[in-house]
Every structure is written in C-alpha cells, then in structure tokens.
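Below, chains carry the letters A, B, ... as their sequence lines are ordered, and counting in each starts from 1.
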Amino acid sequence: MDEKEKEFWRKLDIPIDYILELELVGKDIASRIYNSIKNKNEVLNFLNSYFKLKSEDLKEALSMLRSQDKDLLFNIYAIFFYCRRLKEGMVSKRLKKSKVLGKYGLDDKTDLRIKLIPIFLEERNLLIDIYYDFLLASTNTRSFLTTKKMEVPNIIARVNRRSVESFFLQFQNEMRTKRKMQLWDLIIDDDKIKVFFRIERKEPVPVRFADSNKFYKTASWRTLIFSENGNKLDIFAKNKPDETIRIAKELMSYLTGFDVNYEELAKKYDPPKFVNFVRRVNQGIIENAKLYGIERKNAPLSSSPIMIIESQTNNTINSALEELNNLGINLIDDVTNIAGLKIELDQRTYRLKFRIEGSQIVIIFNNRNIPETEKENVIEFLDGNMN
Amino acid sequence: MIDYVPLRKGYTIQEGEKEKIETSKSFENLGLIRLEKVEFAFCKKCGNKTIVKDDRNQLYCSVCSTLILSPKREIETLIKEVNHKRIIDILSAKLTSFGLEYEFNKSKNIWYVNINQKLIPVFLVGFSIHNLLISCSEGKGSIGILLDRKFDHFINKTNSHYFLNFQDILKSPGIFQERLKNISQQFNQNYSIELENKFDSLMNNLGDSDFEIFVETLLKKLKHLSNTKLQSYYEFLNMNKNKMENSKVVILGGSGNPDFKIINLLDYLTDALKPEKFGECKKFYNTILDMDKYGKAITHSHQKDTLFVLSTDEIRPGVWMNVFETKEIHGYHKYSIIDKDLLLTLIQVLKIEDILEKSA
C-alpha cells in the first residue's frame, strides 16, 4: 500500500500496519471481510454494480476484487474498522452533503460500511470530517464570547495553516516547559473556523505491554471553534481547558492584532423574562417544550435544602409542582434560586444548569455530549421564547 | 428580587450573586445574621457538589466516591445563624425613632403599638405566637412582618395589605411608619387585645383552685361542643391547611434545637382535645411550665395521655421538645399543652366568652 494512503488511515486512528499484516497470521483479508458481513446479498449487489462485476457469490466477488487490486480489500477492511466507533445517527448529517451517495442509489437504509466505500474512493475528505465530528461529540465543550465585540472584516481570510502554525511555534517557544504543539487540521465549515491540534503532555505516561511498561509523552486533542467572526469561541478539551482558552485568546489576538478576551458564557437572561419562561413551560403554553425536572437550591423550607423534583416517566412535573404549591412550597417563584431544569425541547431532553452572575441568569450546559450545534439550537429556542 | 436575601438559616448565596452578597454583608453588619464561607468542589464524573471540610487537596465525591484530585473550588456564602433578638431590637428601635409608645410581649414576641389611643399589634410571621390575633377578624388591625418569603403562602388577596417585608423596612423605614398610621386609621383595635385583657384581669382575681374550676368548666363546654362548633372549627382549619390560621408557632431555641417550630394546629388540637385526655388534665396557674413541673406531672399521671392547660404563654423549650419527641415515638401527641394563646383562641372561635364572665 502506498505510504500516503497508509498515513491517511493512521491519522484516522486506524492501525493500518496491523491490518496489512493480518494475512501473515491467519485468514486472508477477503475471508475476514466475508465473515464480518451479515447482509451478504446487499454487499454483493453493491460490489457488482459499483465495480462492474458479474458475480453470484460474495466470496467470489471479493476474490475478484483482490486479484484486481489487493490494496482495495485492505482499504475496505480499514473502512470496517473505522465504522466500529461510528453510529449511523452521528454521520447522517455529514453524509447528506455527499455528492457521491446519490449517484449510486445509496440511501439511509444502506449499511454504513457500504456507503463509506465509494466515499473513500471518491470523496475521501468526508471521512476526515466525520472523524472530527466524532471527536467533537465525545469531548466536553465550553462556550465563550468576546468581552468586547470585535469588528474584523472577514476573519476567515486571515486564517490559514501557515499563520496558525507560526503562532503555535511562537507559543511553544514562550512556554516555560517546552511541549510540542502540532496543528492537525484547520477546517472552515459553514463560517466556522475549526482548529484541531494536539499538545504534548508535560510528563510521560506508561503504555502497558504484556511484559513491560514503556513511557511516552503522549498528546491530548484540543479543538477551537471560532464563529461569529471570531466573537464566539467553543473549546473542546478533555484536559486543561484553562490552557486551551489561553491559546485561543492569544491565537485570535495574533491573527487580528486586537487584544482579545473571552468570557465564559452560553447565554445570559434577565430574571423576569426567565421566570416568565419557566412559568409558561410549566403551564404547557410553549409548544415543543416540556418540563421534566427542576433543581431548586434554597428551597423555601427550614435550613434551605436543595430540592430536586424529576419525572421518572414520560409525564411532566407540572402537577407535582402545583401540589407542592398548594402545600405552600413554591419552587418556581424565586428564579434566582433555580439551579437546573430538565427540559424537553423538540423531542430531545436537556439538563440545563443555571447560575446567577451579577443581575442576570447564565445558562450552563452540563457539558457531556452536547455538540456545539445542538447547544446553538437550544440557545436559539430559549432566545425565541424568552420574553 | 435580585438582592433579596431571606432571614433564614442555611440560605446560600453563590459567588456570582453580587447584590445578594452585599445585602447579606449589610445584614451581618447590623448583627442580624452570622455568615460563613463554605467551599464546594465539583466532581468531574457526576457533577455533584461536595463540601470541602478541610484543606486537603484530595477529596472523595459524596455521591459516586470518585477521588476528586485538586478540586476546583467554588465558595458560597451561607447564613449560619439568624439573630432574632437583634431583629426585635431593631424593630423596637424603629418604633422609638417614630416617637411611638409600645409594649413588647416577650412570651408572644408581639409589639402593641399605641397610635391615637389604639393598640396596633405588630408580629413577626413564623416567629410570634399569633393564633389569638388571627382568630379575631383574621388579624385585621395588625401588621405582620415577613422575615422570609417562604411564608408567602400565608398571604392572600384579602390580607396582603397588612404584611411588610423586614428587608423593605430596613431599606426605607418610612413605609413601616406609614403602614402603622394607615392601619390605625382604617381598622378598629383588634378584639384579641380586649379579650386578653379580660382574661388577665380575671386571672388576677382568681387563685390557684379557682383556676382549676375555670379549666374544668371549659373542658366540660368543649366536650359538649365537640360534635358541633368544635367540628366546624376543625373543618375550618382543614380548609386553611397551609395558612396562618392552621399554623401554631412554638418557640424553642437553646443549643441543638431550631429556634422555633411551626406545627399543624389541626393535627395538634385533634390530639389535644380528645375527651379521653380530660381526665388527666394538669392545670398550671400563673407559673412557667418547666421540665421539673412537667416531669412531675407526667409521673403523677402514670404516663397516661395528659393535657396541660396554662394561664400563661411561658413554657420552657425543653418541655415542647419532649412533647414533639413523644409524638414521634407514639405517633400522636400523647402530652399536649394548651397555652394562654391557644386557650383564648378556642374561647374566641367557639364563642364561649361567657366563661370569662361567669367565673369572674
């Protein structure tokens, strides 16, 4: 296999070297592929139509492909590896952008592994996009806005690999303990600038083998997503979010020439509007919004406990709150003490947390697994109904 | 709303709530509350808040037991204690500054303010003993001061005009003075004052044994009324389950006890006024009911269900604590106390005031 192609798979976390050596330790690659397919007819039909084969048997089709191009089978097996982590739902949005799938009559019902074969062969970059989508979906995210709005015309034009790489070099040199920073990808996606990079850990970590430990300074992923012309920042970082924020600040300052500062925010709301919103959701007035839980700190009881009321079924908590109200325990009147809501918006349930900052209520998403696009949908919904 | 801080023990204020922190600090400067800083750490795994009790860097999450390494701390301000005595002092000082004469009843925690020859009762909601006052024309002619909006459910459309927030009085004392003036102009003196005066003058003329006869007469009447007026009263309390009418404030305090407790009056009275209890009724005339007398009385009644009837409101906190502890153990109020306030409330609602004249 071509080194460039191997490097393509390595970057997507696929152990291509291991795959290439599989034949040496056991069955050949065609048999391995054959055994891992459940719907053999579907795959056979696709292979026949795409590769213009005329086979009646999947084993035969795979052998024919192998004799044409051995690397192809290894690539197909690598695609199967790649699909292990993915869920259909995660990639469907991305796949809708594909020009290739329509050409071959492949739709939502087709097995993902089959759909990715023509994409690998004709639209390979989509696999990279999907890889990053997956990375973002499995990382904690925090959102920020610039403290002072920047008016920089067309910031996207200023951002390119070279400028970001030169910033990283400068940042590296200023570190007290030098740690390598590597830009993996810079993707412009719907007016958003996505910077995917890795930064070396300070200390080596053990990689455990069967008979020994070896120590390496591995690296952690960090992602910066700039939008609204650099005024909004979402950071994706499992480790050291504070350092990542600092990198984002200095990168944007480096690119724009301004002194940029980001403050953590998802959105701020006025308390009267917020209490009105909560009341309306509780009364069932807002379409597509249902209240399934509330976390109230400083509950109006002796010693001010935290009270969490949450539905265990598909029923909203509206009646429960009314019953408590009749007992003199009103949980939604003092909005400054509502610490959280479990709310269903458009068929998806969110656990939203709130905090008072100054005279406004800030919404904080419980970070795990909310992609920043979904966060935006929630904020858009709240903005639209907060009046 | 943003800067409102209730005078309630255990209330916490986050770092970001700057207005509330300012308000709470001003309360602390006035000696109304004692604040304490509490540190919390957040568990990365389950998001739970765990109190940091000492300065160790390592902490275990109180929910999922994950070790929280070098936890990020958040500091909250907690109201550790509320000083009700200080609240009383401040309100008394305000009344003095308005140039008003008043008398403060220590056992009930009610001020009686003299305006234009009328006495206006001023009470603290959830802290003053208010049942007699409220039983007379729903407390018209009085002012209730709210320390905490958790008692908001006591207020309705008909009585909202005679409640004031203590926090608002601190900001602008003028509203207190004006409300006193308005109440004295709009309403007659609350009947509870006259009733109490009648009772006090009767008690002054009675001796120990006369009081016993008085109580016996009262209990006979209660037995007689149990099917009619008393039942109607119970129904009334049931309809006003979460209102002031059905709340009895019991003043406790002392170490390890809450300052006061609010009990469900309906539950309490249905146990207290069971005719079976009337056989073992201990009457205490013009004396403070302390643990010594209480303990002796219980022993004397061989620990049967006992009713205590007092001519005063002075009961030691330890006695009340025992009443509630016994309730927990037996599931009902085995020992019940009818203090002066409750006694007069019953006389008022059951319309048996003639008992005060007959015995005189």
Side-chain angles (χ1 to χ4, degrees), chain A residues 140 142 237-242 263-265 268-276 295-308 323-340 351-362 364-369, chain B residues 1-23 40 42 44-49 63 69-70 72 74 76-82 126 146 148-156 239-244 246-247 252 257-262 264:
Chain A
N140 289 343
R142 284 164 69 174
K238 276 189 181 146
N239 309 312
K240 296 197 185 273
D242 290 342
E263 54 174 8
E264 180 160 21
L265 185 76
K268 283 186 179 171
Y269 296 107
D270 284 332
K273 289 186 182 170
F274 184 69
V275 74
N276 206 16
E295 183 182 336
R296 168 71 198 260
K297 67 178 185 78
N298 289 324
L301 297 163
S302 303
S303 311
S304 310
I306 295 177
M307 259 179 103
I308 299 177
E323 285 167 25
L324 280 174
N325 200 18
N326 291 339
L327 293 173
I329 304 168
N330 188 331
L331 295 185
I332 61 172
D333 65 337
D334 186 357
V335 70
T336 58
N337 279 308
I338 293 179
R351 226 179 252 280
L352 308 178
K353 296 269 187 188
F354 302 95
R355 191 174 68 205
I356 294 279
E357 250 175 44
S359 60
Q360 294 196 293
I361 297 182
V362 176
I364 310 158
F365 286 90
N366 232 11
N367 284 340
R368 287 184 185 275
N369 297 330
Chain B
M1 197 201 299
I2 288 293
D3 63 348
Y4 174 81
V5 175
L7 290 166
R8 185 197 321 150
K9 197 163 143 175
Y11 190 85
T12 55
I13 306 170
Q14 287 177 337
E15 266 179 296
E17 298 180 276
K18 302 255 184 299
E19 283 92 343
K20 282 193 189 171
I21 291 181
E22 247 181 71
T23 309
F40 289 97
F42 288 89
K44 278 187 185 160
K45 199 169 172 190
C46 67
N48 172 57
K49 248 162 85 164
V63 167
L69 295 167
S70 303
K72 186 177 172 201
E74 204 173 277
E76 288 188 356
T77 307
L78 163 79
I79 296 181
K80 187 81 180 165
E81 242 178 77
V82 177
L146 290 157
D148 185 349
R149 285 170 53 187
K150 83 172 191 190
F151 295 115
D152 271 1
H153 58 283
F154 283 171
I155 304 174
N156 55 46
M239 277 191 329
N240 291 291
K241 243 190 276 219
N242 299 309
K243 303 288 172 190
M244 285 189 83
N246 193 37
S247 309
L252 298 172
N257 298 334
D259 290 333
F260 49 90
K261 197 177 157 84
I262 295 183
N264 183 319

Working to the nearest 0.5 angstrom, can you tell me the gap between B:I79 CD1 and A:N298 CG? 8.5 Å

To check you understand the geometry: which heavy-atom pair defines the closest contact between A:A299 and B:R8, and what is its length? O-NH1, 2.9 Å

In terms of heavy-atom proximity below 4.5 Å to chain B, should A:I329 be classed as side chain, backbone, both, or neither? neither

Would you say the side chain of B:E17 lies within less than 4.5 Å of the side chain of A:T336, judging by non-hydrogen atoms? yes

Select one option (side chain, backbone, both, neither) describing which atoms of A:N337 are under 4.5 Å from chain B's heavy atoms. side chain

In terms of heavy-atom contacts, does CD of B:E22 have more than 12 from other residues, nucleotides or ligands at under 6.0 Å? no

Is the number of heavy atoms from other residues, nucleotides or ligands under 6.0 Å of B:K243 NZ greater than 12? yes

Spacing of A:N330 atom CG and B:D152 atom CG [to the nearest 0.5 Å]: 8.5 Å

With only heavy atoms counted, which part of B:E19 is less than 4.5 Å from chain A, the side chain, the backbone, both or neither? side chain

Between B:K9 and A:S304, the two heavy atoms sitting closest are O-OG, 3.5 Å

